[in-house]
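Reading through the C-alpha cells given below for one structure.
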Number of protein chains: 2
Amino acid sequence: MLAIMRLPLRGHQTNETAMTARPYAAVLDRLRKAGLRPTRQRLTLARLLFEGVDRHVTAEQLHGEAEAAGFPVSLATVYNTLHQFTDGGLLREVVVEAGRSYFDTNTGGHHHFFDAGTGALTDIPGDDIVIGDLPAPPAGAEIERVDLVIRIRSRA
Amino acid sequence: MLAIMRLPLRGHQTNETAMTARPYAAVLDRLRKAGLRPTRQRLTLARLLFEGVDRHVTAEQLHGEAEAAGFPVSLATVYNTLHQFTDGGLLREVVVEAGRSYFDTNTGGHHHFFDAGTGALTDIPGDDIVIGDLPAPPAGAEIERVDLVIRIRSRA
DNA sequence: GTGTTTGCAAAGTGTTTGCAATTTA
DNA sequence: TAAATTGCAAACACTTTGCAAACAC
C-alpha cells in the first residue's frame with residue numbers, strides 16, 4: 001500500500017542478486033553475534049534485509065518479499081524476527097506513523113525525511129544536521145537516543 | 001494503561017475547575033475560527049482540552065474524561081473531533097509510539113521527551129534545543145515541520 | 001428546512017499470542 | 001533429547017466507517 005523508498009546509496013544491488021547462492025557467511029555471523037540461531041527463516045529475512053543496500057521495511061513488505069523470493073515465512077515469524085533483530089541491535093525501529101512500524105537497516109545515528117502523503121521514508125546522514133546541547137533529561141532518566149524526523153509534503 | 005504526564009507549567013488548574021459554569025467564550029471562539037460548529041460534544045472536548053494547561057491526550061483518555069465530567073461523548077466522536085481539531089490547527093498530533101496517537105494542545109514549535117517504559121511524554125520548549133541548517137528536502141517537496149523526540153529510559 | 005454532526009455497531013488495520021508441531025544444537 | 005523456533009488461527013488494541021437519528025443555523 002505504502003511505497004517505502006529504496007535508498008539510492010552506492011550501486012543498485014537488487015534482492016534477486018542478494019538471494020543467489022553466493023556465500024552468506026557475513027549474514028550468518030551477524031545472527032550468531034546477536035545470539036540468534038540461524039534458522040532457515042531468520043537467514044532468509046536477514047539476507048533480504050542485509051545483503052542489499054540500507055533500507056526501510058514494514059513487516060508486511062518483508063513478508064511479501066520472502067514469499068516472492070520463494071522462501072515463504074509466516075507473518076507472525078516476520079514480526080517476531082524483526083523484533084529479535086531490533087533487540088539484537090541489527091535493526092532500528094522508526095516511528096513516523098501511528099499504526100505502522102518501519103524497521104531501518106541503518107542502525108547508526110542518522111535522521112529521516114518522511115512524506116506522509118506517499119509514505120516515503122528517506123535517510124539523512126547523521127552529520128548533515130547539527131543538534132545543539134540537549135536539555136537534561138528528567139531526574140532519574142537517561143537519554144537513550146534522539147529521533148529527528150523532517151516531515152515533508154510533495155507539492156501537487 | 002499509559003500515564004500521560006500533565007505538564008507542570010504555571011499553576012495547577014484542574015479540569016474540575018475548567019468545567020464549571022464560568023464563561024467559555026474563548027473556547028467557543030476557537031471553534032468558530034476553525035470553522036467548526038460549536039456542538040455540545042465539541043464544546044465539551046474543547047473545554048477539557050483548552051481550558052487547563054497544555055497537555056497531551058489520547059482519544060481513549062479524553063473519552064474517559066468527558067464521561068467523568070458528566071458529558072459523555074461517544075468514542076467515535078472523540079476520534080473525529082480530535083482529527084477535526086488537528087486539521088483546524090487547534091491540536092498537533094505527536095507520533096512516538098506505533099499503535100497509539102497522542103494529541104498535543106501545544107501547537108507551537110517545541111520538542112518532546114518520551115519514556116517508552118512509562119509512556120510519559122513531556123514538552124521541551126522550542127528554544128531549549130538548537131537545530132542547525134536543515135538539508136534541502138527531496139526535489140518537489142517542502143518541509144512541513146521538524147519533529148524531535150528525545151527517547152529516555154528511567155533508571156531502574 | 002437543509003446540511004452538519006452524532007452515536008452506534010460493525011468493519012478494518014496492523015500487531016501479538018497460545019500452543020502443538022518442527023527444527024536446531 | 002532438550003530447548004528454541006515456527007506457523008497457524010484466534011485474539012488484540014486502536015481506529016475508521018456506514019448510516020439513521022438528532023441537531024445547528
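Note that this is a predicted model, so its numbers are computed, not measured. Letters go in sequence order (proteins before strands), and every chain restarts at 1.
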Open item on the list: Aromatic contact between B:His56 and B:Phe114, with the criterion being ring centroids under 6.0 Å apart: yes or no?
Closed with: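 Ring centres of B:Phe114 and B:His56 not closer than 6.0 Å.
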Open item on the list: Once hydrogens and angles are ignored, does a donor-acceptor distance under 3.5 Å link the base of D:dT5 to the side chain of A:Arg37?
Closed with: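 No, no donor-acceptor pair under 3.5 Å.
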Hey, does the side chain of [X] come within less than 4.0 Å of [N]'s phosphate (OP1/OP2), counting only N and O?
| X | N | value |
| --- | --- | --- |
| A:Thr77 | D:dG7 | yes |
| A:Gln41 | D:dG7 | yes |
| A:His83 | C:dT16 | yes |
| A:Thr58 | C:dG14 | no |
| A:Tyr79 | C:dT16 | no |
| A:Thr39 | D:dA4 | no |

Task: 5'-most by nearest nucleotide on DNA chain D - B:Pro38 or B:Ser101 - done: B:Ser101
Task: Rounded distance (nearest 0.5 Å) linking atom CZ of A:Arg55 with atom CD of A:Gln61 - done: 6.0 Å
Task: Donor-acceptor side-chain pairing of B:Asp147 and B:His111 below 3.5 angstrom - done: no
Open item on the list: Taking pairing as Watson-Crick or G-U wobble with both contacts under 3.5 Å, can you name the mate of D:dC25, or confirm there isn't one?
Closed with: C:dG1
